[in-house]
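To start, the structure itself, in structure tokens.
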There are 2 protein chains.
Amino acid sequence: MIMKNESYLRELLQEHGLKVTLARMKVLDVLVSSPVALSHSDITHRLEGQEIDKVTLYRTLGAFTEKKLTHKVASKDRNWLYALHIHENEPAVDHDHAHFVCDSCEKIYCLPVNTEEQTPVIPTPVNFIVTSREYRLHGMCPDCH
Amino acid sequence: MIMKNESYLRELLQEHGLKVTLARMKVLDVLVSSPVALSHSDITHRLEGQEIDKVTLYRTLGAFTEKKLTHKVASKDRNWLYALHIHENEPAVDHDHAHFVCDSCEKIYCLPVNTEEQTPVIPTPVNFIVTSREYRLHGMCPDCH
DNA sequence: CACTCTATGCAACTTGGTTGCATTAATGGG
DNA sequence: CCCATTAATGCAACCAAGTTGCATAGAGTG
Ligand SMILES: [Mn+2]
Ligand SMILES: [Mn+2]
Ligand SMILES: [Zn+2]
Ligand SMILES: [Zn+2]
């Protein structure tokens, strides 16, 4: 296994109250090296040769998300994609944030912008109480033009 | 079958280049009388006693959407919900628009607001070309507070 | 090192949705 | 009004994503 920085990954798990196991190390290794959010099947492919059980992978991603190590976002074809909250040398993205969806390659990028600062002018319909907002920008990513 | 306005429904189908069939009349009847977007299973329940085949229902919803009679929006649990573009005595909503998601009952309402007209302050990341936007407001709907 | 409790792996299942194909029925022309 | 054409329907079989139950393996703690 080629791990970017084994002790960094181990710390990341521990900081989030997660036991350090082989499966979690493998999955985390894949996630830290991806600039885009990944699906269960994306991750399975990137683990080829050293795959883990599919249920374990679902549960690993669930645990990561519950402990706020990752967050999930629904893809165009409606399955979950997972992305780290924290990227090395970047500020943590632990608040609600917008996403960029590439309409060509379908990759989804997290945009490190706090939605608080970018509230657009959608008039609140009467009798509806708005508590939060979701934004997605669509277009072409740098890889696709 | 209790149809609100049989000839109105028939016209709606014809205006959108759709053959008038029993299955389509039934489904359209359900859709015109719903203020919220409905899933395949929602519609099946509302058709109880006079259900149509599940594949036919999928294909009916697909045809409606292709012909721009309806549009679809992904729900929180990531299955498709369908809503009419046109509601009686209301202007057609054939542009991109925002949606309101009730976090209590999970219903999704179409907001008759053109997203083009909303110019939010989401800074476009460098090297990304933004062509369209998606907005969702979350909170509580009138039925839930 | 031994104990405990969580994480893992496997099988079986559920739900949403699709495909192929034979049959039925809507529509337009005569 | 009827017939032919063509599209819509129904059924069975299938697929992919995700979940549940349960027995076993393996972290972490002392
Ligand atoms: Mn994100
Ligand atoms: Mn809508
Ligand atoms: Zn792209
Ligand atoms: Zn509600």
Side-chain angles (χ1 to χ4, degrees), chain A residues 1 6-7 9-30 37-47 49-67 69-70 72-82 106 108, chain B residues 1 6-7 9-30 37-47 49-67 69-70 72-82 106 108:
Chain A
M1 183 163 20
E6 202 171 321
S7 60
L9 301 184
R10 178 170 283 114
E11 266 174 46
L12 220 41
L13 289 173
Q14 286 168 339
E15 281 168 12
H16 288 83
L18 291 157
K19 274 193 186 166
V20 177
T21 69
L22 185 55
R24 289 173 178 177
M25 288 292 276
K26 288 180 186 172
V27 176
L28 188 53
D29 190 40
V30 168
L38 301 175
S39 68
H40 183 285
S41 95
D42 291 336
I43 296 170
T44 303
H45 287 122
R46 298 187 189 205
L47 283 176
Q50 44 164 333
E51 286 136 31
I52 61 178
D53 182 77
K54 67 164 191 160
V55 178
T56 301
L57 179 49
Y58 278 119
R59 291 197 273 228
T60 299
L61 295 170
F64 283 7
T65 302
E66 204 177 324
K67 294 292 168 59
L69 175 53
T70 57
K72 57 184 180 180
V73 45
S75 75
K76 192 180 186 173
D77 40 345
R78 291 156 312 114
N79 38 31
W80 291 120
L81 305 185
Y82 297 84
E106 311 222 326
I108 299 189
Chain B
M1 181 164 19
E6 203 172 318
S7 60
L9 300 185
R10 179 169 282 113
E11 266 173 48
L12 219 42
L13 290 174
Q14 287 167 339
E15 281 168 11
H16 288 83
L18 290 158
K19 276 192 183 166
V20 178
T21 69
L22 185 55
R24 289 173 177 178
M25 289 290 278
K26 287 179 186 171
V27 176
L28 188 52
D29 191 39
V30 168
L38 301 175
S39 68
H40 183 282
S41 95
D42 291 336
I43 296 171
T44 302
H45 289 122
R46 296 186 190 204
L47 284 174
Q50 44 164 330
E51 287 137 30
I52 61 178
D53 182 76
K54 68 165 192 159
V55 178
T56 300
L57 180 48
Y58 279 118
R59 291 198 271 229
T60 298
L61 295 169
F64 284 7
T65 302
E66 203 176 327
K67 293 294 167 59
L69 175 52
T70 56
K72 56 185 182 179
V73 45
S75 75
K76 192 180 185 173
D77 38 347
R78 292 155 311 113
N79 39 29
W80 292 122
L81 305 184
Y82 297 84
E106 311 221 328
I108 299 188

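Chain A is the first sequence line, chain B the second, and so forth, proteins listed ahead of strands; every chain is numbered from 1.
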Side-chain touch A:E51/A:L57, heavy atoms, less than 4.5 angstrom: no
Residue whose nearest DNA chain D nucleotide is more 5′ - B:K19 or B:R59: B:K19
Distance below 4.0 Å between A:T56 side-chain N/O and C:dA7 OP1 or OP2: no
Separation of atom OH in B:Y58 from atom P in C:dG17, rounded to whole Å: 4 Å
Residue closer to the 5' end of DNA chain C, B:S41 versus A:L57 (nearest nucleotide): A:L57
Phosphate OP1/OP2 of C:dT8 contacted by A:T60 side-chain N/O (<4.0 Å): yes
Distance test, side-chain N/O of B:T21 to OP1/OP2 of D:dT9, below 4.0 Å: yes
Closest listed nucleotide, where the reference is the side chain of A:V20 and the choices are D:dG18, D:dT9, D:dG28: D:dG28
d(CG, A:L22; C1', C:dG9) in whole Å: 13 Å
Phosphate OP1/OP2 of D:dA16 contacted by A:R78 side-chain N/O (<4.0 Å): no
Beyond-backbone contact of A:M25 with A:V20, side-chain heavy atoms, under 4.5 angstrom: yes
Atom of A:R24, atom of A:F64 and distance for their closest heavy-atom approach: O-CZ, 3.7 Å
Value rounded to 0.5 Å, distance of CG in B:L69 from OG1 in B:T60: 11.0 Å
Spacing of A:D53 atom CG relative to D:dT19 atom P, expressed in whole Å: 14 Å
